[in-house]
Protein chains: 2
Amino acid sequence: MPKPGPRLRLIDVAERAGVSLATASRALSGRDGVSEEVARRVRQISRELGYVANPYARTLAGGASSTVGLIVHQVDDPYFSEIASGVIEVAAEEGLLVQISHSGRDPDYELRQLRHLIAQRVGIILIAGSGYDDPRIEAEARTELSAFQKLGGRVAVIGRHSLGVDAVMPDNEAGGRALATHLLELGHRRIAVAAGTAGLTTVADRLAGVSAALRQRDLSLDGLPVVHCDFTRDGGRVAAEQILRDHPETTAIIALNDAMAIGVLSTLRAHRIPVPDRISVVGFDDVSVAADLAPSLTTVRLPMTDMGRMALTLALKPRSVRPRRRPTGHTLVVRDSTGPALRLPAGG
Amino acid sequence: MPKPGPRLRLIDVAERAGVSLATASRALSGRDGVSEEVARRVRQISRELGYVANPYARTLAGGASSTVGLIVHQVDDPYFSEIASGVIEVAAEEGLLVQISHSGRDPDYELRQLRHLIAQRVGIILIAGSGYDDPRIEAEARTELSAFQKLGGRVAVIGRHSLGVDAVMPDNEAGGRALATHLLELGHRRIAVAAGTAGLTTVADRLAGVSAALRQRDLSLDGLPVVHCDFTRDGGRVAAEQILRDHPETTAIIALNDAMAIGVLSTLRAHRIPVPDRISVVGFDDVSVAADLAPSLTTVRLPMTDMGRMALTLALKPRSVRPRRRPTGHTLVVRDSTGPALRLPAGG
DNA sequence: TTGAAAGCGCTAACAA
DNA sequence: TTGTTAGCGCTTTCAA
């Protein structure tokens, strides 16, 4: 394993500028206690020399930790890679480093990752994955995070977590409602849901939105088949198979994310079931390929890249007394995977 | 910006174990000069206490820098996010941190990112993007990297760079040949290429493979239309429009990556041109959605996740006298976007 | 407003 | 095999 070698140090900049180490440090970190004139000169020389502070020394000396730890379920899931992209953009603007770690949708592993990031002394932690309904997990995470925050660490999450920290709140409930309403307006009454893993708040909230829309129209929920599978493409395939088998009269399938919707479409294609003529399909998120599927996918757009930007932006602000919440908004994007409900023969 | 607070230190572990700081350090970093018995005890206690070394202190003190800098063009491009995923996996196994930075396919910006990573004192640098044909860029990067390596830094790249470092070599040329051969065997003679930005070695190599296949069959290359656009979905759309306009007799389009192929398919759909009946389309990479497009995409599979794993694995080995090269292999995946060439009326 | 000096927690000589 | 100690490059009191 390599060691970093000696390079340009702050003392070099200080000498060139004819000031002390302390003054140079103050000038570059923008603290006051330096005359504007000296500060400008130091910064000028620093720039000329191409000086970049050693983040290890800086952090060790008790300065700001300039690294942000980002926990995602899986970076090669487009939902998360788009969020990561937003985080990386802001980090680049702010001169921060982004460390990404995978949790693989395993709450216990995620907790370990969290502890590890804290032990690694990152300054900011961003949790991008869904929250969990499991009170034990949330409680343990909460304990870790509040200790971290007491020591000056900043935290922001994306999604509904009961962690008492700043949060970007995806419009899950409203989005679910929008999807269900769209299908109802098309005349669908035999709707099934391909849902992600039970226990994720994201799944629960989107589902709640769907239910609310049905209830609002006085439709019974008893008949709403909800199949819980992995929150992935493969989960979508499995869910679709099960729906076709157990509820052959279904005319519309709501997948609770686009990955699952892709799996659903793939299964319907394999069964040669025409979409949307026989069955309509909707997804959630609007990942960038959603528009390129055939048929192109009707879905709810969440501004993932912005959500990443927002999360880091929140974490960069000083901590407030009450946790901040930033709703994301959403847009129903109607494409070709939805159409009018098939009229079944009477009794159908 | 937050500061990390005081936490469990090595001295705490050492005291608990009744040994000196130095002994504890040696035991935990697996160096020799400690009796096996003592080492075991120290490790045991460290684990019980949940001790994690402060990476800032460790690096500052001249130890191994445990962070790896990964430069990608764009994380939310599936090609790169799959590579990143592989890197992150290995890093997690080795207890390393991964820092991702975007270069946005801008060679100058990429150079800046590189300098920044070096200045940040990462221990390992991984460059995942294509190399550039521009000698200036490569020369400057080479200079930076060799200085970095002299100081003990390790470097590995994915793709053909003339950087004199360990490299994972995607099977670009052979893959290009495989695609062209596949189309030729289907009877296509009017082939056009939707190529990425000129100046990328990846583009040049894939194109070289295509040319080689044509040459091998004694087909003239003069007539091969090659349209250079962005190496993205949008680039694919633009290229396809241009091909349709300038070469309406085309029966097959080779897109040099899947992103472009998606753009091509989208444009053909917009023009209501049936694929593959009227025009066949192939891509390159086999990103995970390739199988879910409609028609599903014939493409060349590169093992992206493994490539990420390989790159970090290479960088973890001690530097060798001659740079290592690891070919990736490739697989032609024939799906539904290719079919026999349309027989045109005589003279066509 | 500036400078001198004491650490931050660790690794790596050097001694024992 | 173990311990002692001098830094790594920075920030931050404390004095001037």
Side-chain angles (χ1 to χ4, degrees), chain A residues 1-42 46 49 51-67 95 118-123 151-152, chain B residues 1-42 46 49 51-67 95 118-123 151-152:
Chain A
M1 206 95 61
K3 2 175 142 189
R7 298 205 182 62
L8 203 59
R9 290 157 309 159
L10 182 55
I11 185 75
D12 302 318
V13 176
E15 277 173 2
R16 250 358 126 114
V19 298
S20 75
L21 206 52
T23 301
S25 169
R26 288 192 270 253
L28 291 182
S29 53
R31 260 163 300 142
D32 46 294
V34 209
S35 68
E36 190 44 47
E37 186 198 333
V38 173
R40 228 194 327 266
R41 184 154 44 92
V42 172
S46 154
L49 265 39
Y51 169 75
V52 178
N54 181 324
Y56 303 100
R58 186 196 283 252
T59 305
L60 185 57
S65 162
S66 57
T67 115
I118 294 175
Q120 298 277 11
R121 278 82 173 169
V122 298
L151 296 168
Chain B
M1 208 96 58
K3 0 177 144 191
R7 298 203 183 62
L8 205 57
R9 289 156 311 161
L10 182 53
I11 185 73
D12 301 319
V13 176
E15 278 173 2
R16 238 22 111 110
V19 298
S20 75
L21 207 51
T23 301
S25 169
R26 288 190 271 255
L28 291 184
S29 52
R31 262 164 298 144
D32 46 288
V34 209
S35 69
E36 189 46 46
E37 187 199 334
V38 173
R40 225 192 330 264
R41 185 154 42 92
V42 172
S46 154
L49 263 41
Y51 170 75
V52 177
N54 181 326
Y56 303 101
R58 184 194 285 246
T59 305
L60 185 58
S65 162
S66 57
T67 115
I118 294 175
Q120 298 278 10
R121 279 78 174 172
V122 299
L151 295 169

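Keep in mind that what you see is a predicted model, and the values were worked out from it rather than measured.
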If I take atom [atom1] in residue [X] and atom [atom2] in nucleotide [N], what distance separates them, rounded to the nearest angstrom?
X	N	atom1	atom2	answer
A:Glu15	C:dA4	CD	C1'	15 Å
A:Arg9	D:dC10	CZ	P	8 Å
B:Glu36	D:dT1	CD	P	10 Å
A:Leu10	C:dG3	CG	P	12 Å
A:Ile11	D:dC8	CD1	P	11 Å
B:Asn54	C:dG7	CG	P	18 Å

Original post:
NA contact type, A:Ser35, heavy-atom cut-off 4.0 Å: base, sugar-phosphate, or nothing?
Top reply: sugar-phosphate

Subject >> Polar pair under 3.5 Å, donor/acceptor by atom type, side chain B:Arg26, base D:dG3 >> reply: yes

Original post:
Just wondering, do B:Thr67 and A:Tyr56 contact through their side chains at under 4.5 Å, heavy atoms?
Top reply: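 Of all side-chain heavy-atom pairs linking B:Thr67 with A:Tyr56, at least one is under 4.5 Å.
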
Original post:
Where the side chain of B:Arg26 meets the backbone of B:Ala24, is there a donor-acceptor pair that is under 3.5 Å apart?
Top reply: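 No; judged by distance alone, with no hydrogens or angles, the pair does not exist.
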
Original post:
Does the B:Ser25 side chain pair with the main chain of B:Leu21, one donor and one acceptor, at a distance under 3.5 Å?
Top reply: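 Judged by distance alone, no pair lies under 3.5 Å.
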
**OP:** Taking only Lys NZ, Arg NE, NH1 and NH2, and the carboxylate oxygens of Asp or Glu, determine whether A:Arg40 and A:Glu36 approach each other closer than 4.0 Å.
**Re:**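 Counted as a salt bridge, because a side-chain N and a carboxylate O are separated by less than 4.0 Å.
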
Can you see if the side chain of [X] gets near the phosphate of [N] - specifically, an N or O under 4.0 Å from OP1 or OP2?
X	N	value
A:Ser20	C:dT2	no
A:Thr23	C:dG3	yes
B:Tyr51	C:dC10	yes
A:Arg31	D:dT12	yes

**OP:** Taking only the side-chain heavy atoms of A:Ala57 (C-beta and beyond), determine which of C:dG9, D:dG9, C:dT11 contains the nearest atom.
**Re:**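 For A:Ala57, the side-chain atoms sit closest to D:dG9.
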
Subject >> Which nucleotide in D:dC8, D:dC10, C:dT1 has an atom nearest any side-chain atom of B:Leu60 >> reply: D:dC8

**OP:** Mind listing the closest non-hydrogen atom pair of A:Val19 and A:Val38 along with its distance?
**Re:** CG1-CG1, 3.9 Å

Original post:
Of A:Leu21 and A:Val34, whose nearest nucleotide on DNA chain C comes first from the 5' end?
Top reply: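 Comparing both residues, the 5'-ward one is A:Val34.
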
